[in-house]
Amino acid sequence: MAATICPNCEQPMGAADRYCAACGQKAIGREDLNEFLQQFLGDYFTWDSKLIRSLVPLLVRPGFLTIEYMAGRRARYIPPLRMFIFLSIIFFLVIGWSTPRSGDATLAEAIEDRVFWDHFFASVLPKLFFLFLPLFALITHLLHRRTADSFVRTFILSTHFHAFVFLAFAVYGALSGMLSSLGLVRVNTLLVLAVLAYTGIYLWLALRRVYPRRWPGQLARFIALAAMYVLVLAGSAVLVAWALL
């Protein structure tokens, strides 16, 4: 078998080797745009069959990925934090594209409005969500401290839930932009109500799956968690909007 040299660590590689046994770098083949994009998507977003295996249950099977992660079945799915970051990028791109602009405002007002919302969605909101994730995990852990074996489980659940929120509202944002352009305001209103309702149901089912217990106690904890988190979200949004004005 013909051998070659790894350009990264200069150790010998077999001609059929796909990765260097010494440093783990993938063998470099034909350099073109397609190869570059595959490497980029593979390195940063695990853009392969893991994407479908991860996003489908994330959207329709609440708590499933958290259970799989805690059971040690991790190689087949996108890691939780990587999924969270990937979907946050998609969400903010979609929201930036679909945010409506007022056609009746003056040019100066339109520019000021655009600068405000661009700054809010591009800079402020991502930082808030990265703060909300561990805060949500802490509240959930405290409410389920009798059944939670460690904070890790709750943190993974929080990561998956917020990744779901990004995915659900990215889909909503894309549909909302199209509905608004067609003048279907009422349909758009029903759509956002449906997404909000599904988010609540999703969280309830995820908690039931990850922390199984009798439903009356679980319901009380769910209501307490939802109430505290909504208050935190609303209060933070008001404070940030007031500070930016």
Side-chain angles (χ1 to χ4, degrees), residues 54-71 80-81 83-85 87-88 91-92 95 120-121 124-173 175-176 186-243:
S54 301
L55 295 190
V56 171
L58 179 70
L59 193 61
V60 300
R61 301 185 67 182
F64 172 79
L65 291 178
T66 301
I67 295 296
E68 289 287 280
Y69 185 91
M70 297 308 298
L81 282 175
M83 183 189 300
F84 173 80
I85 295 172
L87 291 176
S88 70
F91 169 77
F92 293 116
I95 291 299
F120 182 80
F121 283 114
V124 178
L125 198 57
K127 295 175 183 177
L128 287 179
F129 268 100
F130 275 96
L131 175 63
F132 292 154
L133 191 154
L135 179 61
F136 179 90
L138 178 61
I139 296 173
T140 305
H141 182 70
L142 292 175
L143 290 173
H144 296 80
R145 58 186 180 276
R146 292 184 179 179
T147 56
D149 52 354
S150 71
F151 182 73
V152 173
R153 179 187 296 268
T154 316
F155 185 81
I156 297 302
L157 172 63
S158 177
T159 305
H160 282 140
F161 173 68
H162 284 83
F164 157 77
V165 171
F166 280 133
L167 177 59
F169 280 89
V171 173
Y172 161 75
L175 294 176
S176 175
R186 291 185 178 180
V187 178
N188 192 25
T189 301
L190 293 175
L191 179 61
V192 70
L193 291 176
V195 173
L196 290 173
Y198 182 60
T199 300
I201 295 171
Y202 184 98
L203 177 58
W204 163 254
L205 294 176
L207 291 171
R208 290 283 291 165
R209 172 170 277 173
V210 177
Y211 301 114
R213 60 188 306 150
R214 293 182 179 179
W215 75 264
Q218 186 67 279
L219 180 60
R221 287 168 172 78
F222 168 75
I223 293 174
L225 172 62
M228 286 188 283
Y229 196 57
V230 168
L231 286 175
V232 170
L233 286 173
S236 300
V238 170
L239 288 175
V240 169
W242 176 79

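All values below were derived from every heavy atom in this structure, side-chain atoms included, with hydrogens, water molecules and symmetry-related copies excluded.
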Requested in this report: Applying ring-ring contact (aromatic ring centres under 6.0 Å, His included), run through Phe161 and Phe166 and close with a yes or a no.
Outcome: CA-CA 9 Å; Phe161 173 68; Phe166 280 133; over 10 Å; no
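Distance check: Arg61 CZ to Thr66 OG1 gives 12.0 Å after rounding to the nearest 0.5 Å. Separating the CD1 atom in Ile223 from the CH2 atom in Trp204 is a distance of 8.5 Å, to the nearest 0.5 Å. The line from CG of Leu167 to OG of Ser54 is 11.5 Å long, rounded to the nearest 0.5 Å. Atom CG of Leu225 sits about 9.5 Å away from atom CD of Gln218, to the nearest 0.5 Å. Note that CZ of Arg209 and CG of Leu157 are 11.5 Å apart. Values are rounded to the nearest 0.5 Å.
Residues Arg208 and Arg214 approach most closely at NH1-C, 3.8 Å, considering heavy atoms. Taking all atoms of both residues into account, the shortest heavy-atom contact from Phe169 to Leu196 is CZ-CD2, 3.7 Å. Between Pro57 and Leu65 the shortest heavy-atom distance is CG-CD2, 4.0 Å. In plain terms, the two heavy atoms of Pro80 and Thr159 that are nearest each other are O-CG2, 3.3 Å. For Ala206 against Pro62, the heavy-atom pair with the smallest separation is N-CB, 3.5 Å.
Exactly one of Thr154, Leu207, Val210 qualifies for a side-chain contact (heavy atoms from CB on, under 4.5 Å) with His144. That residue is Leu207.
Every side chain to side chain donor-acceptor pair (under 3.5 Å) that Glu68 has, sequence neighbours left out, goes to Arg73, Tyr77. Partners of Tyr229 by ring-ring contact (aromatic ring centres under 6.0 Å, His included), not counting sequence neighbours, listed by chain and number: Phe136, His162.
Within the 4.5 Å cutoff, side-chain heavy atoms of Phe164 are placed close to those of Tyr198.
Between the side chain of Arg221 and the main chain of Leu143, a donor-acceptor pair closer than 3.5 Å is present. Side chain of Tyr202 to main chain of Leu58: a donor-acceptor pair is present (N/O by atom type, distance under 3.5 Å, no hydrogens or angles).
Looking at Tyr211 and Thr140, their side chains never bring a donor and an acceptor atom within 3.5 Å of each other.
If you look at Phe64 and Tyr69, their ring centroids are not closer than 6.0 Å.
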